[in-house]
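What follows is a short report on a single structure.
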Amino acid sequence: MNTNHYFTKFSEHENEKASNVYVMSLIGIVAGLPLPIVNLICTLVFYFSNRKSTYFIRWNCTQALISQFFLFIINNTGFWWTLSILFGDNTITNDYIAYLIFLFAINVFEFIATIYTAIKVRKGHFVSWFFFGQLTSLILNKKI
Amino acid sequence: MKKLFIEFTVLVFLFFGLYFCLNKFDWISITNYKYYHEKAEEKLGELTLEYLIDTNSEIETEAIVQPLDSLVNHLTQKNNIKNVKLHVIDDANVNAFALPGNHIILNSGLLLDAKNQNEILGVIAHELAHLYHNHTTQKLSTELGLTILIANNNELAANAIKKITSTSFDRKNEKQADLTALKFLEKANISQQEFVDFMERLSQSDSENYLHINWLETHPEGKTRVAYLTNSIKDTNKNYQNVIHENTFRIMQESLKY
């Protein structure tokens, strides 16, 4: 992660709102378990509600949304695989257990990263995630 | 753009690399999954059996249990199935079922309703097929899985979804058990026609309402069932033999009446 110090650049209100998007995605994950789509919907709603906001807020909303989308794909695969074992003809295999551990590790890492980012952004730092930050900048068509 | 592409490639490699590294371990052995799965099955079967015996007493009369044990042993030996435990429950309902841990339960009502030993053999073969295909544990894990998934949401919706998916799941398994039962009977040199006749007799006692709520019933509708069973019978002209003497069978039924 790249954290640039922009203490005087953004207002308190902006910092709080930008930080809230990460808090919202965390709440979405916890509240929506075991369904993987709830946190994505929460982040999407937050994104659309802040489309007219300042660049800083929009940037963080977009970064959170893109990362949640990727997480959604990974979680969704695990979700449907589990359902196929519970209701279909699939059985628990080594691949499945390995994928569950992989899923857990990714989610824990994402959880920690989101909490860290939420705290940093609240303090006025600009946190650009590996790959997701670059992609966000490309989408919003502006360099940081 | 170039930096983005490089970062994307690194991320993909990291993800796949992590998954492939994790995949190298034998998690089934590390977690002792098979051992705990078998233990859980046994425990589940014992708990369910305890509940059943508490509700309706188990019949242990020799004249009833021994002939039935002979029928079960004949089928299991010919089909190389091991460790099956038979229980006879004092219940007037014409029913039989399999429980995890290789338990087969026969209701006294079913034993009295049967016209000959081959009908009972057909039912036993059907329950053995459920054990063979591991339907009982699948069904219980489905119900448990659904409870965990939707427990936090609307209770009414949860119960409805459980019922609907549970019964659809059962009908598919029931058909598979029926067809496997025919194979078991064939391998044990037992006539399959009586099993079909028994199913037909049961289907004739279905009420009209059954036709309309078939989708919600656990077993395939009677006529459908008889149709696919009839189409699946192999050779009806073989020289089939009885497993126990007809007199032994009649004595068993007489003993049940008292």
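Residue numbers begin at 1 in each chain, while the letters A, B, ... track the order of the sequences.
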Are there more than 12 heavy atoms of other residues, nucleotides or ligands under 6.0 Å from atom NZ of B:K85?
yes
Angle between ring planes, A:W129 versus A:Y22, binned at 30° and 60°: parallel, tilted or perpendicular?
tilted
Chain A contact via B:F15 - side chain, backbone, both or neither, heavy atoms under 4.5 Å:
both
Answer key: most heavy-atom pairs under 4.5 Å with chain A among B:F20, B:F8, B:F5, B:F25 is B:F8
Set of residues satisfying salt bridge (charged side-chain N to carboxylate O under 4.0 Å, His left out) with respect to A:E110, sequence neighbours excluded:
none
Donor-acceptor pairs are to be reported for all side-chain atoms of residues 77-84 of chain A against protein atoms at under 3.5 Å, with residues two or more places apart or in another chain.
residue : atom : partner : partner atom : Å
A:T77   : OG1  : A:I73   : O            : 2.8
A:W80   : NE1  : A:N76   : OD1          : 3.4
A:T82   : OG1  : A:G78   : O            : 2.7
A:T82   : OG1  : A:Y96   : OH           : 2.8
A:S84   : OG   : A:W81   : O            : 2.7
A:S84   : OG   : A:N90   : ND2          : 2.9

Side chain, backbone, both or neither: which part of A:I92 has a heavy atom under 4.5 Å from chain B?
both
